[in-house]
Every structure is written in C-alpha cells, then in structure tokens.
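Report on the structure given below.
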Amino acid sequence: MIKTALTTILAVLALLPATAAGAEPAFTEAPSAKPEGKNVRIRFAVAAPCDAEVTVLDAQGNEVRHLAAGLLGAKEAASPLVPNSLSQSILWDRTGDRGKPVAGTGFKVRVRLGLKAKGAKIILKALTPVKPWRVSKVITDPNPAEPGKPGLDPAAARTKEGKEAFTSQLYDWMIHVDKEDDRLYAFAGNGKVYRYKGSTGRAEPIDIRRLRRRGEKFAVGLNGDILVNPYRRFTRDFKEVPLPEGVNTHEKALRFDVSLWRYQRSRPFHEQWGSGNDAFEGLDGRYYIHCARTIPFVRFFIWDTWEQKRALTEGYQPWLDTGEHAHVACIRVDTKGKVYLARAGGPKGATMPQQRYPKSWKYGYGYGSILRIDPHERWVKDIRLPMGAVPEDPEERKRGFLWGPNYRIFIPRIEKCYVGVMSHLVSGCCCKSPLFDLDEHGRLYVPDADKESLVVLDNAGNEVLCLEKQVESETAKGKTINLAWPRRVVCSRRAVYYTDGINKRVVRIALGHAAEHTCNLP
C-alpha cells in the first residue's frame with residue numbers, strides 16, 4: 001500500500017513541470033486504437049490543457065479524414081472533443097471527409113499537440129506608390145530578414161503621412177493557396193500572378209492569361225486544381241482536366257463575373273453568374289459562388305458539377321436570429337458543407353474589441369465577426385416565376401432585382417458567431433479588407449490588422465495560436481519580421497500565408513507542433 005501511494009505521488013510530481021507556464025505539451029497516454037463494431041475507437045490523454053489535432057492517414061501517408069482539432073480541457077470544446085477533459089475518446093466510422101467509406105488497409109492515426117510557428121519568411125514584396133493606382137514593381141524572394149515597417153502609431157495615423165499610409169492599403173495582394181501541396185498564388189495590382197512553392201522556397205511569375213477567358217475568376221480547388229469557372233479546371237501543371245461524361249457545359253454561361261446581373265433579369269438565369277467576391281470549390285467538394293452586390297439580400301450559388309451534374313441556386317438573407325441585418329462577405333465552406341462568413345460588427349449587445357486606430361479617411365473601419373451557418377436549414381419561401389415576369393405582390397416588386405426562376409430565400413440559423421475576431425483597417429467594408437481562412441479540421445485563421453496579430457481559433461472559438469507584433473525569421477537567426485498589418489490570410493497544411501498591408505508584401509509562416517505520435521489502426 002505504501003509502495004502504491006509513493007508511486008502515485010511520484011506520478012503527480014512528474015506532471016507538475018508539464019503544467020507550468022510555457023511547458024511543452026506532452027502525452028500522458030499515447031494514442032491507441034481498438035475496433036468497436038465496424039468502427040475504430042481512438043484514445044489518448046495529455047498532461048495539461050493544450051491544443052490537439054487528430055488525423056487519419058492512408059498507407060501512403062495521405063490525409064483521408066480530419067477527425068478533430070481543438071483545445072483540450074476547454075469548457076466549450078470543438079466537436080467531437082469532450083469538454084473539460086484532458087483524456088479523449090474519438091470514434092472513426094471508416095469514412096473520409098466527405099462521408100464516403102475509404103477502401104484499403106494500412107491506415108494510421110496521427111495525433112499532434114501544440115500548434116506553433118516555426119519561423120517566418122518574406123516571399124513577395126510590391127513597391128507601390130500611392131499614385132498611380134498600380135503596383136510599379138514586384139520583388140520575388142526578398143531578404144527574409146528584412147523587418148519592414150511596424151504598424152503606425154495611432155497618433156501618427158492622424159497626420160498627413162498617416163493618411164497616405166492608410167490610403168495605400170488599397171494596394172494589396174489577393175492570395176489563394178493549394179492546401180495539400182503548399183503552393184501559393186498571389187495576384188499583384190499590375191495584373192501579374194506569382195506562384196510560390198513552399199518546399200522549394202522559390203517564387204515565380206506565371207502567365208494566367210492563357211487559362212482564363214474574359215470575365216472568368218480564379219480559384220484553387222481540392223487536389224490543387226485551378227478553377228476558372230464551374231466547367232473548366234486545370235491541374236497544378238496547367239493541364240486541362242476533362243469533364244465527366246454527360247455534363248452540359250452551357251457554353252454561353254462561361255462568363256460568370258457579371259457585376260450588374262440584377263439589371264439583366266430578362267435574360268436566362270444560368271447566363272447570369274454574378275460574383276462580386278468569391279467563386280471557389282469548398283472543402284466539401286462543391287463549387288460555390290457568392291455575390292454580395294444584392295444587399296440587403298445576398299445571392300449564393302452552389303454548383304454541384306462533379307456529384308449531381310446540375311446547378312443548385314440558393315439565396316439567403318444575412319440576418320441573425322434576432323432579425324438583425326449583417327453585411328457579410330468572404331465565404332468559406334468546411335468539409336461538412338457548413339458556411340462561414342465575415343460580417344461587419346457583431347450581434348446586438350455584443351462587446352467588441354477596443355480599436356487603437358482612428359476611423360480611416362475613405363472607407364471607415366471597425367471590428368467584425370464570423371458567422372457559421374448551415375445553408376440547408378430554415379427555408380422561408382420559394383419564388384418561382386417565368387423569366388422576367390413581374391410579381392403580383394407590390395412588396396415583391398420593390399425587390400425586383402430578385403426576380404428569376406426557382407429562386408429560394410431563407411433566413412439561416414446562426415450556429416455560431418465568433419464575435420469581434422478580426423479588424424477591418426482602411427477598407428472598412430468586410431467584403432474588401434479582411435480574408436480569413438479555414439483548414440480541413442475546421443480551425444479558423446484570422447487576421448487582426450488593428451492589433452498587428454494573427455490568431456488561430458478552433459471550431460468552438462477557443463484560441464489555439466496567437467502571433468503578435470513579430471515572428472522569428474525562418475532563415476536569419478536572431479532576426480524577426482514585423483507582422484505590421486496582416487489583412488488577408490490563407491493556410492496550407494504546412495504553413496500560413498498573410499498579406500502585410502503596410503509593407504505590400506506576402507509572408508509565409510511555417511507551422512509545426514510540439515509533440516506528435518502515430519499508431520496503426522485495426
């Protein structure tokens with residue numbers, strides 16, 4: 001009995017250093033897996049609260065199912081993690097991210113603890129004067145140790161020079177990422193596109209004009225495919241991917257960047273793909289087009305080319321359950337088809353973060369939130385009209401720009417509101433300034449230019465990683481790189497990329513983990 005008590009005391013003492021501030025996360029129970037009927041039960045435990053991610057790998061090491069990621073021990077835990085517990089038990093039903101059974105043998109589960117930054121590197125920099133409205137020059141692979149300017153002091157922001165600095169934020173990079181292969185595509189203001197390959201560390205200009213036709217968009221889909229509209233896609237090596245047999249390509253519908261489509265309602269609906277902001281393939285494998293130019297209503301299209309070979313048209317009102325209007329933009333979709341949208345401000349009564357910088361001169365700014373909704377819940381009504389027909393209801397006529405066939409309006413249930421998590425410096429409208437990202441585990445990567453920080457949240461809203469002010473350089477020992485004003489963020493499986501608005505540059509931050517363990521699955 002004395003021996004047992006002594007063993008217990010020693011075990012407790014062994015855990016004390018792990019609970020101290022700044023201690024590296026560690027396992028107290030290594031990951032294990034046992035069959036449970038047709039499923040597999042995965043168990044592990046940690047010494048102290050920390051973040052964890054759980055991923056199923058196939059025999060080749062490819063990620064086939066992103067089971068869980070979030071803060072362990074949290075009061076509100078990201079599903080399917082158990083709240084208020086450092087010991088976890090997760091069931092895998094032998095399906096992939098899209099819910100389909102995975103075939104083969106040799107599967108493994110990988111559990112990682114403690115997401116952290118391994119180092120930053122500047123990969124692209126644009127030298128941009130306030131006038132003219134073009135990027136004059138782009139530097140690829142600049143000195144990685146170059147710190148750049150920090151964010152302006154709030155007092156200096158009120159000066160003439162501060163005004164010019166704010167105004168110059170309008171010249172920023174647009175960025176897309178190949179999550180699987182760690183390739184970044186960055187669009188400069190001069191129309192050129194640059195591609196950066198994380199594993200080689202080289203940035204190169206590419207000619208995107210040979211892929212896109214007039215009016216088409218650009219997006220990076222699953223498997224790294226390049227998409228320019230719902231019907232045309234290319235591999236990472238720019239080889240065109242043939243469509244499945246039987247898909248109607250609607251050649252007249254290839255141009256879908258029609259900003260004034262609401263004034264062209266007499267034309268066939270499928271020729272009016274309007275998208276003011278985003279057109280991309282969600283993590284659930286469907287093609288999404290989001291148009292914010294119809295506020296207070298927002299058109300939202302789902303193009304299910306690969307599965308059902310037909311188009312779904314869905315429209316929604318961006319309202320909270322309380323009936324409060326929200327200006328929304330920057331759409332992201334997770335592996336379950338849940339939709340995430342940036343919104344200006346927060347719910348009524350919510351306390352928003354204190355802003356350091358003054359209101360900008362042209363657009364204004366503020367803190368915003370992120371909404372998570374299920375687009376298939378709470379349909380309100382269907383509107384089915386002949387092409388160009390005028391509704392009988394006078395109230396419907398007031399919203400004439402909504403006329404069209406099979407138009408469905410609904411007020412969605414807000415599953416989660418991540419309140420006040422991003423700032424809108426300078427281009428105060430949330431459809432212009434910030435761009436957050438979402439990984440396959442459902443973690444959110446959010447920029448906060450006002451506080452010069454970049455934050456990673458789990459799906460429950462718990463902070464997993466926060467980078468503020470400066471990040472250590474990846475290649476120059478003892479040097480740091482200023483975060484300055486991060487405004488747009490995208491993430492791959494190995495790194496996070498952000499645009500630094502005040503320095504007109506793109507920065508890559510390599511990601512790593514404090515601990516990792518892999519075990520075979522039965």
Side-chain angles (χ1 to χ4, degrees), residues 15-31 42-56 63 65-92 97 109-118 283 332 334-336 338 340 350-351 353 369-372 415-422 436-448 451 453-468 471 489 491 493-496 509 511-518:
L15 293 181
L16 290 179
T19 62
E24 289 286 288
F27 292 100
T28 56
E29 179 186 340
I42 301 164
R43 289 185 170 88
F44 67 96
V46 298
C50 66
D51 67 283
E53 69 171 47
V54 185
T55 310
V56 175
E63 299 180 1
R65 179 67 183 273
H66 299 86
L67 279 174
L71 184 63
L72 304 182
K75 183 177 180 181
E76 181 182 356
S79 179
L81 298 175
V82 179
N84 298 314
S85 178
L86 302 181
S87 178
Q88 297 292 323
S89 175
I90 300 172
L91 194 67
W92 179 45
D97 283 335
V109 61
R110 181 186 67 203
V111 182
R112 290 171 165 172
L113 305 179
L115 182 68
K116 63 180 182 179
K118 295 171 61 178
L283 296 177
R332 291 292 177 264
D334 66 16
T335 58
K336 306 300 181 184
K338 301 295 179 67
Y340 298 71
T351 302
S369 307
I370 296 175
L371 305 178
R372 185 179 79 219
E415 291 187 341
K416 178 75 175 178
C417 182
Y418 308 86
V419 179
V421 295
M422 65 169 68
F436 69 93
D437 204 5
L438 190 73
D439 68 12
E440 293 98 327
H441 281 104
R443 290 174 296 203
L444 293 95
Y445 295 71
V446 185
D448 187 339
K451 291 182 173 58
S453 67
L454 193 158
V455 181
V456 182
L457 307 173
D458 69 15
N459 211 246
N462 301 304
E463 185 178 293
V464 171
L465 177 66
C466 181
L467 305 175
E468 294 184 286
V471 182
V489 174
C491 63
R493 293 178 183 175
R494 292 185 286 278
V496 56
I509 302 177
L511 298 176
H513 295 81
E516 178 177 324
H517 196 287
T518 303

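In what follows, residues are counted from 1 in the order of the sequence shown. Worth knowing before you read on, the calculation uses all heavy atoms, side chains too, and leaves out hydrogens, waters and symmetry mates.
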*asked:* For V111 and E516: C-alpha separation, side-chain torsions, deciding distance, then whether side-chain contact (heavy atoms from CB on, under 4.5 Å) applies.
replied: CA-CA 6 Å; V111 182; E516 178 177 324; over 6 Å; no

*Test Y340 against N459 for side-chain contact (heavy atoms from CB on, under 4.5 Å), laying out the working first.*
CA-CA 11 Å; Y340 298 71; N459 211 246; 2.9 Å; yes

*Please step through side-chain contact (heavy atoms from CB on, under 4.5 Å) for the pair V109 and T518, ending with a clear verdict.*
CA-CA 6 Å; V109 61; T518 303; over 6 Å; no

*Show your reasoning for whether side-chain contact (heavy atoms from CB on, under 4.5 Å) applies to L457 and V464.*
CA-CA 5 Å; L457 307 173; V464 171; over 6 Å; no

*Check against side chain to side chain donor-acceptor pair (under 3.5 Å), H441 and T55*: CA-CA 9 Å; H441 281 104; T55 310; 3.0 Å; yes

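Contact of the W92 side chain with the V54 side chain is not registered, since no non-hydrogen atoms from C-beta on lie closer than 4.5 Å. Put simply, the side chain of C50 does not reach to within 4.5 Å of the side chain of E24, judged on heavy atoms. Inter-residue side-chain proximity for Y445 and L438 is flagged as unmet; no heavy-atom pair is nearer than 4.5 Å. You'll find the side chain of E53 stays beyond 4.5 Å of the side chain of H66, heavy atoms only. In this structure, the side chains of M422 and I370 come closer than 4.5 Å at one or more pairs of heavy atoms. The side-chain heavy atoms of L72 and F44, taken from C-beta on, include a pair separated by under 4.5 Å. When side chains are defined from C-beta on, P447 does not count as touching L454, because their heavy atoms never get closer than 4.5 Å. Contact check for L67 versus V56: side-chain heavy atoms found under the 4.5 Å cut-off.
Between D458 and Y418, the closest heavy-atom pair is O-CE2, 4.2 Å. Closest heavy-atom contact between V419 and A350: CG1-CB, 3.8 Å. Across all non-hydrogen atoms, the minimal contact from P25 to G114 is CG-CA, 3.9 Å. C466 and V455 get closest at one heavy-atom pair: SG-CG2, 4.0 Å. Minimum interatomic distance between A68 and P80 (heavy atoms only, all atoms of both residues): CB-CD, 3.6 Å. Of all the heavy atoms in I509 and A117, the pair that sits closest is CG2-CB, 3.7 Å.
Remark: of the listed residues V446, L467, D51, L115, L115 is the sole one forming a side-chain contact (heavy atoms from CB on, under 4.5 Å) with V456.
Residue pairs meeting the side-chain hydrogen bond (donor to acceptor under 3.5 Å, both in side chains) criterion with at least one partner in residues 67-88, sequence neighbours excluded, are E76-K416.
Of the inter-residue distances, the one linking L71 atom CG with L465 atom CG reads 12.0 Å to the nearest 0.5 angstrom.
Taking the charged nitrogens against the carboxylate oxygens, D439 and R443 do have a contact shorter than 4.0 Å, which makes a salt bridge. By the 4.0 Å N-to-carboxylate-O rule, E63 lies close enough to R493 to be salt-bridged with it. A salt bridge links E415 and K338; the closest N-O separation between the charged side-chain nitrogens and carboxylate oxygens is under 4.0 Å.
In this view, H513 satisfies the ring pair (Phe, Tyr, Trp, His ring centres under 6.0 Å) rule with no residue, not counting sequence neighbours.
In this structure, the side chain of D437 engages the main chain of C491 through a donor-acceptor pair within 3.5 Å.
Counting heavy-atom neighbours within 6.0 Å of K336 NZ, excluding the residue itself, gives a total above 12.
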